[in-house]
Amino acid sequence: MPTTLFLTTCAVDKEPYDLLICIDDDSKNVSATTIDEILSLIDQIDSIQLQLKLLTNNKTDAAKLETIPFDKLLNIRQIDEPLNDSISSSVKQRFETKSPLQSKRIRLRYAHVSELFLWTVKQLEVDLDRSIAQRLCSLSNRYLSKLKKRPRNLLVFINPECGKGVGNSVYEEQVLPLFEEMNLTVNTICTERANHARDYIKKNSLDDYDGMISVGGDGMFSEICHSLLLKTAQQAELDVNDPKTHLVPPRLRIGVIPAGSTDAVVFGTTGYNDPVTSALQIIVGESLLIDITTVHNEHGFVRFMATMFAYGFFGNVIEQSENWRIFGPLRYTLSGIVQFLRNVSYNTEITITQASNKSDQIKRRGHYETINCLNMPGRCHKSKLGMSSTVHLADGSFDVVLVKHSWRLHFLRFLHRAANDSRGIEKLSNVERFRATEVCIHPLVVHHDNELGNWSCDGELIDAKQVTIHAHHQALKLFATGINLDQVKKINEQQSTNIPSDRMTRCCTLFLIICCFLVFTFVCYRCLF
Ligand SMILES: Nc1ncnc2c1ncn2[C@@H]1O[C@H](COP(=O)(O)OP(=O)(O)OP(=O)(O)O)[C@@H](O)[C@H]1O
């Protein structure tokens, strides 16, 4: 229970309220009764909040309570609005019993987190005693200025080509106005080509910045994350060619403003692909440490991986969709259908070091349609919970999902489970799942290189004949709150109630009919020619 330090009467929309300044239990040793005393002790206070309680005899309104943690406060300003003209006589009476009518209106703007974890900006105007209003503004501004976790100087990279080409408009319309309101210093770079951000990070000093922002999709995030981790490792003189090198987390946090086609990073760390939610989590300085994995091939270090590594089906989808960029985000669905019809598998040996027992290695050999390593659940528009809904973001492990060669129908069942509810996906006869700290994937190529599938790391293709993936505990900091499975389920439940169930049933049926038709056509084609 928060402890109340100060209480006064105020008015909101002509209704009388109690305004309370409270502190949380961690600051219990603080004893103050006036705002000036609280201000003098501000450095000892960890967390402070304003509470507004409606003063009414009507029991149904008694629950009307607004709590504004100062951590979520964007700004507080005094505005010119005479109290006498705006409030009801009942409120006036309350004020008059306490002090002479010298009043002021203040406007609070703050980040509001909905029950479904969506962040929005809320605004509240409160009329209160003039001297209290002034002191409250001083207290709030003093508290905000001491918050070290909030960034002040950001380097922003915008990919104008991401998703449907919305990078610039998402940033300018939804994010920049909030950064400007907060007086953040922003150096904005609109990329002109792939690897523009990588080259900039490599060549320029980042010492002046508190954080970096990626406006785009998972590919753009991956480019920035990879470049920042590599720069930090080089500065610390680490040997990245050794998979077991202990990575140093970079000083800078990365924020992700979603504008891409998949946005799995932002879905997995904020719960939504909502630019305003992400922007507000950056502004208030939310911090989330996540694991990063390294990918090494037969020659040494290749990349850092934040979301998903894939060999086989999903790598092939990425390879094909690169040639079909003209179809926009639809390219993934189209190339997915083509790869599904091909139903190719690859003879592979996999060695897995389990997270539960690091001295115990498991070996698997056989034909696999897809081998996936997930550092994040992989939640996106196409997968409600992600392929591995329970993977932990920061415990030093990742999930490995192996899908053996099978009939198309069985593979379709795997895809359907991955898209809808991946919990218990390993119960399917063709699927195994492990929690690992390291995985070696070694294709058993007998004759030709064309027996190899494609490798993709965070949606980018890589060259390799064999690969080692190793987890690094909490190696990167993001501007995000993080989100757990229960929260994701709550969001999904709400979203699915917004879609009429008969429409969903019809869509699923239509999709299955199209798939059956395509499979049937393909089988006929193979039999006849
Ligand atoms: N100006 C640019 N022109 C072309 N490509 C770019 C440019 N800037 C960045 N890129 C590259 O585009 C690739 C894909 O970008 P991004 O991830 O932002 O969009 P997306 O592919 O539509 O989304 P997602 O990865 O979520 O599916 C990244 O690998 C990035 O390196």
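Please read all numbers here as calculations on a predicted model, not as lab measurements. Order of appearance sets the numbers: ligands from 1, and atoms from 1 within every ligand. Positions are given from 1, in the same order as the sequence printed here.
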At a 4.0 Å threshold, what atoms of ligand 1 neighbour a non-hydrogen atom of [X]?
X    : answer
R193 : 1 (N), 2 (C), 3 (N), 6 (C), 7 (C), 8 (N), 9 (C)
G216 : 18 (O)
G163 : 19 (O), 20 (P), 22 (O)
Y332 : 21 (O), 27 (O)
T262 : 24 (P), 26 (O), 27 (O)

Test of proximity, [X] against ligand 1: N or O pairs below 3.5 Å:
X    : result
D263 : yes
C162 : no
M220 : yes

Charged N-O contact under 4.0 Å between [X] and [Y]:
X    : Y    : answer
E349 : R364 : no
R253 : D210 : no
D208 : R152 : no

Is it the side chain, the backbone, both or neither of [X] that has a heavy atom closer than 4.0 Å to ligand 1?
X    : answer
F221 : neither
R331 : side chain
E460 : side chain

Return the closest protein heavy atom for [atom] as residue, atom name and distance.
atom                    : value
atom 4 (C) of ligand 1  : E161 CG, 3.8 Å
atom 18 (O) of ligand 1 : G217 N, 2.8 Å
atom 28 (C) of ligand 1 : G219 C, 3.7 Å
atom 1 (N) of ligand 1  : T191 O, 3.0 Å
atom 13 (C) of ligand 1 : N159 ND2, 4.2 Å
atom 30 (C) of ligand 1 : E223 OE1, 3.3 Å
atom 5 (N) of ligand 1  : A194 N, 3.7 Å
atom 20 (P) of ligand 1 : S261 OG, 3.6 Å

Q. Is there a donor-acceptor contact under 3.5 Å linking the side chains of Q474 and D291?
A. no

Q. Should the ring pair F314 and F414 be called parallel, tilted or perpendicular, given that the plane angle runs from 0 to 90° and is split at 30 and 60?
A. perpendicular

(Q) Parallel, tilted or perpendicular, judged at 30° and 60°: which one describes the rings of F301 and H226? (A) parallel

I'd like to check [X] versus [Y] (side-chain heavy atoms, cut-off strictly below 4.5 Å). Are they in contact?
X    : Y    : value
R150 : L144 : yes
F479 : Q281 : no
S222 : R303 : yes

(Q) More than 12 heavy atoms of other residues, nucleotides or ligands under 6.0 Å from CD of Q123: yes or no? (A) yes

Q) So, H296 side chain and V240 main chain: donor-acceptor pair closer than 3.5 Å or not? A) yes

Q: Determine yes or no for a side-chain-to-main-chain donor-acceptor pair under 3.5 angstrom, with N187 supplying the side chain and L155 the backbone.
A: no

